[in-house]
Amino acid sequence: MTATAMHGRGGAASAVAISGGALMMGAYATLSIAPIGPLVRDDLGISLAAFGLITTAIFGGAAVASTPSGHLTDRLGAVRLLAFAMIAVAVTEAVAALSPFVWLFFAAMFAVGLAYGCITPPTNVIVRGAADGSNQGVVMSVKQTGVTLGGLIAGLTLPGLAHQLGWREALFAPVVGALVVAVLVVATRGNLNRQIGPRSPHHDIATRISIRFTWRLGVGGFGFLMAGVQQGFMAYTALFLTEAHGYRLGVAGVSFAVMMVGGTVGRIGWAVVSDRWFAANRWTGLLLTSLIAAVGLLGMAVLPTGPLLWPCFVLVGLTSIGWNGVFLALVANRSEEHTSELQSRQYLVCRLLL
């Protein structure tokens with residue numbers, strides 16, 4: 001193997017690692033409220049429905065930012081936008097932690113979502129050169145495991161920090177993490193820029209409209225429903241376990257982390273399965289994940305408190321969180337010749353994820 005090839009592989013690996021790290025710290029910030037939800041809800045004095053609006057604010061902001069962030073990726077460059085996005089995540093999360101008013105807290109979390117929505121389009125562009133037709137699902141999924149790893153870190157660290165320091169002080173952990181990634185992006189910008197291939201020409205407007213129409217009917221509908229299941233599941237798990245099953249916050253946080261481990265394994269595992277057996281029809285793999293997720297969720301709903309709940313956590317994590325990488329590969333197959341602006345519209349559903 002030539003030195004150039006080795007350098008290219010090493011550069012691609014570091015690009016995937018940096019991109020995954022950006023998603024990890026972005027998810028650490030956006031999912032920070034979920035594992036400490038009972039403390040946040042009690043301190044702010046908000047209802048269960050209002051607590052759910054926190055998630056709505058975060059991922060509503062991500063949805064709003066999704067299409068403009070694709071345009072900004074083309075205008076500013078993927079590396080520059082990614083650095084700005086990580087700094088914005090840190091600043092807005094800090095504002096949320098320091099907010100003395102409930103309305104300001106909600107506004108700050110919406111702003112966290114806006115910043116988070118600017119992470120996926122540039123990371124997609126950065127890792128594009130590391131993937132080919134045979135490993136696209138795996139590469140995309142490896143990058144996207146940053147989301148579940150961020151949730152894993154949140155579940156393991158934030159409940160303990162919140163008990164020792166207070167939930168507001170605990171939110172500064174993802175602030176520091178986001179700033180560290182921003183520094184790494186700037187420090188490795190030369191290598192990251194080398195991973196970005198030349199832009200593809202625009203397709204004619206009729207083709208673009210046709211692709212968008214197909215996405216809205218099929219891919220968009222499936223992704224919207226699965227993203228809703230994923231976000232609802234992650235947002236309310238800690239509250240469900242503490243209120244319905246009497247779990248302590250620390251145990252509920254570990255349960256959240258177990259789900260994220262399942263999601264991390266699932267994102268890579270389902271991508272390997274999809275690349276190997278369903279490369280020509282990724283819909284088969286996606287439908288299989290949704291059916292298994294339904295079984296796991298049913299088990300969580302009907303099983304009594306006890307050890308049988310834990311396999312359900314893993315099962316739902318493997319599927320309702322693990323589906324994302326295969327979905328990204330499916331979308332990428334339809335959009336790989338389009339600009340980042342068009343890709344970001346197709347990735348909008350994934351941005352509602354994680």
Side-chain angles (χ1 to χ4, degrees), residues 23 27 31 34 52 55-56 59 62-63 66 120 136-149 151-152 213-237 240 255-256 258-303 308-335 345-354:
L23 286 171
L31 295 176
T55 299
T56 301
F59 292 99
S66 186
T120 289
Q136 190 175 66
V138 172
V139 171
M140 288 290 187
S141 290
V142 168
K143 176 176 75 74
Q144 289 302 120
T145 57
V147 176
T148 52
L149 290 174
L152 171 64
F213 182 71
T214 302
W215 171 72
R216 287 169 181 166
L217 287 182
V219 180
F222 178 88
F224 182 79
L225 291 174
M226 285 296 287
V229 170
Q230 179 179 322
Q231 292 307 325
F233 176 62
M234 291 191 299
Y236 281 101
T237 294
F240 169 71
S255 302
F256 187 87
V258 168
M259 289 167 11
M260 292 300 170
V261 170
T264 302
V265 173
R267 290 190 173 198
I268 298 177
W270 282 111
V272 171
V273 169
S274 179
D275 282 343
R276 182 167 298 181
W277 288 295
F278 305 125
N281 186 9
R282 296 190 190 272
W283 275 113
T284 304
L286 286 171
L287 293 175
L288 186 59
T289 63
S290 64
L291 290 174
I292 297 175
V295 173
L297 288 169
L298 180 62
M300 288 186 63
V302 302
L303 289 174
L308 290 179
L309 283 176
W310 291 86
C312 292
F313 299 152
V314 176
L315 194 63
V316 176
L318 280 169
T319 51
S320 75
I321 301 174
W323 68 284
N324 178 267
V326 181
F327 185 80
L328 281 169
L330 173 67
V331 174
N333 287 339
R334 300 299 304 273
S335 64
R345 297 179 185 180
Q346 294 173 306
Y347 279 100
L348 172 60
V349 177
C350 294
R351 187 67 277 130
L352 297 177
L353 111 120
L354 268 191

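Please read these numbers as outputs of a predicted model, since none were measured by experiment. This chain uses plain numbering: 1 for the first residue, then up along the sequence.
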Quiz item: Does the pair I292 and L288 meet the rule for a side chain to side chain contact (heavy atoms under 4.5 Å, CB included), with working shown?
Solution: CA-CA 6 Å; I292 297 175; L288 186 59; 4.2 Å; yes

Quiz item: Would you say M259 and V316 make side-chain contact, with heavy atoms under 4.5 Å?
Solution: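 In short, these two side chains do not touch, never coming nearer than 4.5 Å.
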
For [X] against [Y], the heavy-atom pair lying closest together:
X: T289; Y: L286; value: OG1-O, 2.6 Å
X: A34; Y: F256; value: CB-CE1, 3.9 Å
X: L303; Y: C312; value: CD1-SG, 3.7 Å
X: V147; Y: L31; value: O-CD1, 4.3 Å
X: M300; Y: F240; value: O-CZ, 3.7 Å
X: Q230; Y: S320; value: OE1-O, 3.1 Å

Practice problem: Please report the C-alpha distance between L152 and V261 in whole Å, then the side-chain angles of each, then the deciding distance to 0.1 Å, and finally whether the side chain to side chain contact (heavy atoms under 4.5 Å, CB included) criterion is met. | Solution: CA-CA 7 Å; L152 171 64; V261 170; 3.6 Å; yes

Quiz item: Should L291 and L287 be marked as a side chain to side chain contact (heavy atoms under 4.5 Å, CB included) after you check the CA-CA gap, both sets of side-chain angles, and the distance that decides it?
Solution: CA-CA 6 Å; L291 290 174; L287 293 175; 5.6 Å; no

Practice problem: Tell me, with the steps shown, if T319 and V295 meet side chain to side chain contact (heavy atoms under 4.5 Å, CB included). | Solution: CA-CA 10 Å; T319 51; V295 173; over 6 Å; no

